[in-house]
Structure formats: structure tokens, C-alpha cells
Amino acid sequence: MSTVRCRIAPSPSGFLHIGTAKMALFNWLFARSQGGTFVLRLEDTDAERTEEEFVDAMCEGFKWLGIDWDEGPPFGDEPEKGALGPYRQSQRRELHHNEGMRLVAEGKAYRCFCTKEELDADRALADAEKRPFRYSRKCRDLTPEEIAAKGDTPFVVRFRVPEGETVVDDLVQGPVKFNNKEFDDFILLKPNGDPIFHLAVVVDDGLMQISHVIRGDDHLTNAPRHIMLFNALGYPLPQFAHLPMVLDDAGKKFSKRMHGANVLDWRDEGYLPETLINYVVMLGWTSEEEGREFFTLEELKHLFNINRLNKSAARFDRKKLDWLNGQHIRMLTPETLRDRVLPILAAKGIDTSGKSVEWLTQMAAICQEKIPTLNNIVDYVDFFFRDVDAYDMKAENKYFRQPESAAWLEADIRMMTAAEDWTHDALKAAFEKEVEVTGVKLGSLVNAARLALTGKPVGPGMFELAELMGKETALQRMNRALEHVRSIT
RNA sequence: GGCCCGAUCAUCUAGGGGUUAGGAUGUGGGAUUCUCAGUCCCAUCACCGGGGUUCGAAUCCCCGUCGGGCUGCCA
């Protein structure tokens with residue numbers, strides 16, 4: 001039986017950040033590949049930054065990506081899952097506070113009566129003198145009498161950082177050694193009894209029996225503090241793995257404000273969750289199968305290997321994402337593609353209710369090879385749902401303003417009218433025969449027809465779209481185009 | 001400032017004492033006698049710099065440079 005327990009502990013700040021998604025994914029993957037447990041814990045102790053909608057928005061991001069959790073807080077209709085809750089940090093204050101005070105009782109932490117103002121002044125002085133600020137430790141060895149004399153004076157609780165050195169045995173970074181002198185006696189509890197991040201994470205990870213802490217490498221220098229706390233609290237030490245963060249396409253930290261920082265931005269732009277998972281996993285991990293780049297979540301569950309994580313940060317490259325999305329779109333069945341694309345058309349005000357499911361499936365199918373994102377489908381099919389009232393100008397010059405333009409359309413109309421079978425194959429055969437006997441270029445016939453039928457220079461294959469459009473509508477549009485051509489040439 | 005981490009084509013990466021430094025995306029060109037896209041082929045492009053160690057360094061070590069992080073009564 002596996003004892004692997006991983007967690008993602010995001011602070012719900014409004015949406016699921018791409019970087020958080022990466023960390024969640026790797027934790028999830030590790031837990032799943034080891035038959036372990038994946039825990040979602042909300043670090044919502046910063047009250048001003050937490051709103052219920054924020055929590056919902058973030059969980060929606062996880063759901064979209066397909067990252068589920070075995071233990072976690074209530075979400076939507078789901079009750080809290082797991083026996084080691086509560087899974088919202090804001091509901092664990094008592095625990096944090098008690099553990100902090102336990103350290104005081106055990107002499108591993110102490111009450112500090114220095115005020116924030118005093119500390120700020122010290123800090124300013126240190127700055128002015130260009131020396132590193134360090135807490136004076138003046139409260140470190142107060143006698144019981146001195147403490148008693150303080151009466152009701154508010155105090156913070158500080159950790160008594162032990163002498164010596166702390167080694168983080170990191171699964172990704174290797175052993176990283178720190179001299180404990182580098183660390184101040186950091187604060188554990190605020191004057192109101194609330195815990196500081198370092199205490200809260202360690203208490204939560206300890207009590208939730210987390211076996212592997214996989215997180216961003218911005219926490220690498222926090223790890224020794226956490227290790228000291230694990231030891232002081234008497235919790236078994238988890239394994240650590242610090243992963244590089246995701247950079248934007250300019251190589252900078254992916255700012256919260258930037259478009260694309262929210263994973264749901266990608267959904268809204270027509271990317272598949274499969275794509276995002278596949279793309280993010282490639283940002284810092286490679287499979288043993290060299291050169292392989294295409295993965296589904298299900299495959300990843302079996303292939304994931306924590307030894308193949310990368311140490312350096314990677315940029316988020318939109319171009320490669322586009323390519324990958326196209327790959328994933330092509331992997332879909334036409335039915336699935338249809339279902340994914342229908343809401344997008346609806347959102348654009350396109351009413352598809354008059355069409356059969358079979359027809360809509362065909363519509364999706366003829367675009368499948370061509371669109372890099374789901375949203376691109378709109379331009380590929382909108383002409384099916386509205387009249388063509390204008391023609392693309394450049395295409396018009398090329399196909400409607402030539403001396404032979406009318407002749408092309410006349411030939412098209414003649415063949416279409418004569419078509420006994422209104423199918424892609426029959427139409428294609430007729431056009432090819434025409435080319436053979438008259439020597440006219442197929443492109444001229446086809447592109448003039450496409451322009452007549454869609455008003456656009458680009459789109460699905462002409463024979464495919466004509467078949468779907470139906471003979472009657474197609475011929476109406478062809479005749480209208482012919483009139484138009486005669487009027488301008 | 002102090003401490004810590006990182007560095008292979010433009011981008012994601014493989015490799016890791018002796019290789020023609022491999023793949024993918026992008027870009028350029030060609031093919032596919034319907035556009036666009038796709039697909040297929042070809043081409044283009046890299047070991048951050050300097051010192052060591054070694055017969056031999058992209059690979060190991062040191063220094064530097066650059067990038068990132070921590071250094072909060074934020075998480």
C-alpha cells in the first residue's frame with residue numbers, strides 16, 4: 001500500500017494561475033502514478049484576499065483541466081472529502097495556534113514583545129547603514145519574571161532557530177545546504193494569535209501526513225525553515241521537490257495580471273484542457289521515451305516519473321501551444337469536436353438548432369483538420385447560418401473581376417444544376433471532368449464557387465461545404481454571385 | 001548587500017568525459033494538379049564567458065556574467 005500523500009495548497013486569489021496549475025499537475029501526477037492520495041488545501045488565511053467566488057473560480061480551473069482531488073474542502077454540491085480536515089486553512093487557526101504555543105512551552109519558540117514600530121525603525125537603520133537587517137533577539141532569553149512583568153502586553157511568537165546547518169535533500173535540486181545563521185528567529189504567531197505562513201504550512205502538512213511536498217522553487221529557501229519546524233514539532237519529515245516556475249513568453253515571471261495567467265483564459269480562447277495538460281507537462285518534464293511529446297492525462301498517470309523533472313525555468317510559448325492544440329483537436333472524434341464547438345457558436349449568436357446532429361457532426365468534421373483552436377471554427381462555418389451579403393475584396397479581384405469570371409460561375413452553375421447526386425464525390429467528379437475537357441483550371445472553378453458560397457477566400461473544402469449547404473441554397477448563392485459578377489465586369 | 005537555485009538552436013528539450021550534439025515548435029523552400037490549414041520532404045539555428053582537471057570538457061571543478069528566488073506581524 002502506498003503512503004504517498006501529495007497536496008496543492010493554493011491561496012485563492014481570484015483564479016487558477018498557470019503556475020499553480022503546473023504544481024498541481026505534478027503533485028497530482030506523482031500521487032496518481034504512485035497510487036497515492038492527492039489533497040487540495042486552501043490557504044485562505046489572508047482574509048482580505050479571499051472571496052467565495054475566488055474559491056469557485058479556482059476550483060473550476062482544476063475541474064476544467066481534469067485535476068481531481070481525493071481530499072479537500074467542500075466545493076459546489078460536494079461535501080468535504082477526507083479525514084484529516086478541515087481543508088481550509090482559515091478553519092485551522094486553533095490548531096496552528098496551539099502548536100505554536102506548544103513550541104513556546106517546549107522552549108523551541110518564545111514570546112517577543114518588540115513592536116512592529118520598533119522593528120521597522122531597526123530595519124530602516126540597517127538599511128541606512130547598508131548592513132543586513134537582523135532581528136536583535138532581544139526577547140530571546142527573557143526570564144519568566146520579565147515575561148510576567150509584561151502583563152497584557154501583546155506579543156508575537158518567534159521560532160528559536162537552532163545552531164548548525166540544515167540540508168534540504170531535494171528530489172529535483174539535490175542536496176542544498178544552508179547555514180542556520182542565515183535565518184532570523186522568524187515569527188510564528190501574530191499578536192492576535194494568527195499563524196504566519198511558515199507555521200501554518202508545516203502544521204498542515206504535518207497533520208495531513210503529507211509525504212511529498214512538490215512546489216515552486218521560490219520555496220527552496222523556505223524549505224530549511226520548514227524542516228527546522230517539522231523537527232521542532234516532532235512531525236516526520238516529508239520529501240521535498242522544488243520545481244522551476246513558468247515564465248511568460250518574454251522570459252519573465254508569469255504575472256497575475258497578464259492574459260493567459262488564468263488557465264481559463266485558454267479555455268475561453270478555444271484551447272482544449274488536454275492541450276494545456278500536455279503543454280504544461282512538457283514544461284519541465286520529459287518522458288523516458290525520447291522525443292515523445294504527445295500525452296494524455298491517462299497516459300501520464302502511468303508514464304510520469306519524478307526523476308525526469310527539469311531544473312530550469314521554461315517559457316510559455318504560444319506558437320507551440322497552437323500546434324499542440326491542433327494535434328489534440330485532430331485526435332477528437334467528430335462527435336466530440338461537435339459538442340465542444342456548439343457552445344462556442346451559440347456564444348457568437350449562431351443558432352444551430354435548425355440542423356440535425358448528423359449535419360452538425362459533418363460540419364465539425366470538415367473543419368477538424370484546419371482549425372488550430374476551437375474558436376477558429378466560427379469563421380469556418382458562419383456562412384452556413386447567414387446569407388452572403390458581401391465578398392472578400394481581395395478574393396473578389398482574383399475570382400470575380402477576371403474576364404473569365406462569369407464563365408467560371410456559369411460552368412459551376414451548369415454542373416451543380418446537373419448534379420444528380422448532391423455529394424462531395426459527385427461534385428468533385430463533375431468538376432474534374434470539366435477541367436479535363438475544357439482545360440480550365442480547377443482552382444478557378446473551385447475558388448470562384450467558394451467565394452460565391454461563403455463570401456470568403458478561405459474555408460473548408462469547397463465540395464464538402466457545398467454538400468452540407470444543400471443544392472438549393474448553393475444554387476441561390478451561385479446565381480446571386482453571377483449577377484454580381486455581371487454587374488461589376 | 002547576504003544566502004540559495006538555474007543556464008544546450010529564437011522557443012521547449014535529449015544527451016552528459018571521445019556523438020556528424022538528436023528531436024519538437026517556429027522560420028524559409030519544395031511536394032500534395034481547390035483556398036486556408038494539415039500532411040510529407042529539405043533547409044536553417046545551440047552547448048553563456050574565462051580559467052582549471054584530463055590524452056581529450058558541452059559534460060567534472062572554480063570564478064565571472066546573466067536570469068530567478070528568499071531575506072515580512074504576505075502566502
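Naming convention: chains lettered A, B, ... in sequence-line order (proteins, then strands); numbering from 1 in each chain.
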**Item:** Integer angstrom distance from the P of C60(B) to that of G16(B)
**Value:** 10 Å
**Asked** How would you label the contact of Arg292(A) with the nucleic acid (heavy atoms, under 4.0 Å): base, sugar-phosphate, or nothing?
**Response** nothing
**Asked** In whole Å, what separates the C1' atom of U44(B) from that of G22(B)?
**Response** 16 Å
**Fill in**
Applied to residues 280-296 of chain A, the salt bridge (charged side-chain N to carboxylate O under 4.0 Å, His left out) test, sequence neighbours excluded, yields Glu289(A)-Arg292(A), Arg292(A)-Glu299(A), Glu293(A)-Lys320(A)
**Asked** For Tyr135(A), what residues pass the ring-ring contact (aromatic ring centres under 6.0 Å, His included) criterion, not counting sequence neighbours?
**Response** none
**Complete:** With the side chain defined as heavy atoms from C-beta on, Ile196(A) is closest, among C74(B), G6(B), U35(B), to C74(B)
**Message:** In whole Å, I'd like the distance from the CD1 atom of Ile8(A) to the C1' atom of A75(B).
**Reply:** 12 Å
**Asked** Which letters describe nucleotides 27-32 of chain B, given B = protein heavy atom under 4.0 Å from base, S = only from sugar-phosphate, - = neither?
**Response** ------
**Message:** Please pick, from G6(B), G69(B), G1(B), the nucleotide with the shortest atom-to-atom distance to any side-chain atom of Lys311(A).
**Reply:** G6(B)
**Prompt:** Which part of the nucleic acid does Gly461(A) contact within heavy-atom distance under 4.0 Å: base, sugar-phosphate only, or nothing?
**Reply:** base
**Request:** Inspect the contact between Glu436(A) and Lys441(A) and indicate whether a charged nitrogen and a carboxylate oxygen are less than 4.0 angstrom apart.
**Result:** no
**Prompt:** Between residues 362-384 of chain A and RNA chain B, which residues have a heavy-atom gap below 4.0 Å?
**Reply:** Glu369(A), Lys370(A), Tyr380(A)
**Request:** Could you work out the separation of C74(B) and G67(B) based on their C1' atoms and round it to a whole Å?
**Result:** 24 Å
**Request:** With the side chain of Ser312(A) defined as its heavy atoms from C-beta on, choose the nearest nucleotide among A75(B), U35(B), A7(B).
**Result:** A7(B)
**Item:** Atom-to-atom span, CG of Asn179(A) to C1' of G2(B) - whole angstrom
**Value:** 12 Å
**Asked** For the side chain of Thr221(A), counting heavy atoms from C-beta on, which of U35(B), C4(B), A75(B) is nearest?
**Response** C4(B)
**Request:** Return the value, rounded to whole Å, for the distance between atom CG of Leu283(A) and atom P of U13(B).
**Result:** 6 Å
**Request:** Quick one, give me the B/S/- string for nucleotides 42-47 of chain B, reading 5' to 3', where B means a protein heavy atom under 4.0 Å from the base and S means that only happens at the primed atoms, P, OP1 or OP2.
**Result:** ------
**Request:** Tell me what Arg215(A) touches on the nucleic acid: a base, only sugar-phosphate, or nothing, going by heavy atoms under 4.0 Å.
**Result:** nothing
**Prompt:** Which part of the nucleic acid, if any, lies within reach of Thr115(A) when heavy atoms closer than 4.0 Å are counted: base, sugar-phosphate only, or nothing?
**Reply:** base
**Asked** Do NZ/NE/NH1/NH2 and the carboxylate oxygens of Asp392(A) and Lys456(A) come within less than 4.0 Å?
**Response** no
**Prompt:** Which whole-number value in Å describes the distance from Asn222(A) CG to G72(B) C1'?
**Reply:** 11 Å
**Prompt:** With ring centroids as reference points, do His242(A) and His219(A) lie under 6.0 angstrom apart?
**Reply:** no
**Request:** Looking at every strand, decide which applies to Asp322(A) at a 4.0 Å heavy-atom threshold: base, sugar-phosphate, or nothing.
**Result:** nothing
**Message:** How many whole angstroms separate atom CZ of Arg225(A) from atom C1' of C3(B)?
**Reply:** 10 Å
**Message:** Categorize Cys112(A) for me: base, sugar-phosphate, or nothing, with a 4.0 angstrom heavy-atom threshold over every strand shown.
**Reply:** nothing
**Message:** Suppose you measure atom P in G29(B) against the same atom in C62(B); what distance do you get, rounded to whole Å?
**Reply:** 48 Å
**Request:** Please work out if Arg308(A) contacts a base, only the sugar-phosphate, or nothing of the nucleic acid, heavy-atom cut-off 4.0 Å.
**Result:** sugar-phosphate
**Request:** Using the C1' atom as the reference point in each nucleotide, state the distance between U19(B) and C36(B) in Å, no decimals.
**Result:** 41 Å
**Message:** Can you tell whether the side chains of Asp44(A) and Arg88(A) come within less than 4.0 Å, N to carboxylate O?
**Reply:** yes
**Prompt:** Side chains of Asp322(A) and Tyr271(A): do they bring a donor and an acceptor to under 3.5 Å?
**Reply:** yes
**Asked** Hey, does Arg123(A) reach any base, or is it just sugar-phosphate, or nothing, if we go heavy atoms under 4.0 Å?
**Response** sugar-phosphate
**Asked** Do His212(A) and Phe240(A) have ring centres separated by under 6.0 Å?
**Response** no
**Message:** Distance check needed: G72(B) P versus Glu117(A) CD, whole Å only.
**Reply:** 17 Å
**Request:** Going 5' to 3' through nucleotides 59-68 of chain B, assign each nucleotide B (protein heavy atom under 4.0 Å from a base atom), S (under 4.0 Å only from sugar-phosphate atoms) or - (no protein heavy atom that close).
**Result:** ---------S
**Asked** Within 45 degrees of the axis of the six-membered ring of Phe155(A) and under 6.0 Å from its centre: does Arg111(A) put its NZ or CZ there?
**Response** yes
**Request:** Please report, rounded to the nearest Å, how far the P atom of C5(B) is from the NE2 atom of His242(A).
**Result:** 12 Å
**Request:** Could you give the distance separating G68(B) and A31(B) at their P atoms, to the nearest angstrom?
**Result:** 46 Å
**Asked** Salt bridge between Glu410(A) and Arg414(A), side-chain N to carboxylate O under 4.0 Å?
**Response** no
**Whole-Å gap separating C1' (C70(B)) and CZ (Phe186(A))** = 13 Å
**Complete:** Out of G22(B), A24(B), A7(B), minimum distance to the side chain of Glu290(A) belongs to G22(B)
**Asked** Which value, in whole Å, describes the distance between the C1' atoms of nucleotides C45(B) and A21(B)?
**Response** 13 Å
**Request:** Is it possible for you to check whether Arg41(A) lies under 6.0 Å from the centre of the six-membered ring of Tyr87(A), through NZ or CZ, and within 45° of that ring's axis?
**Result:** no
**Request:** Identify whether any heavy atom of Arg315(A) sits under 4.0 Å from a base atom; if not, whether one sits that close to sugar-phosphate; answer base, sugar-phosphate or nothing.
**Result:** sugar-phosphate
**Item:** Upstream residue (5' side of RNA chain B) when Gln89(A) and Ala314(A) are each assigned their closest nucleotide
**Value:** Ala314(A)
**Along RNA chain B (nearest heavy atom to each residue), the more 5'-positioned of Phe463(A) and Asp317(A)** = Asp317(A)
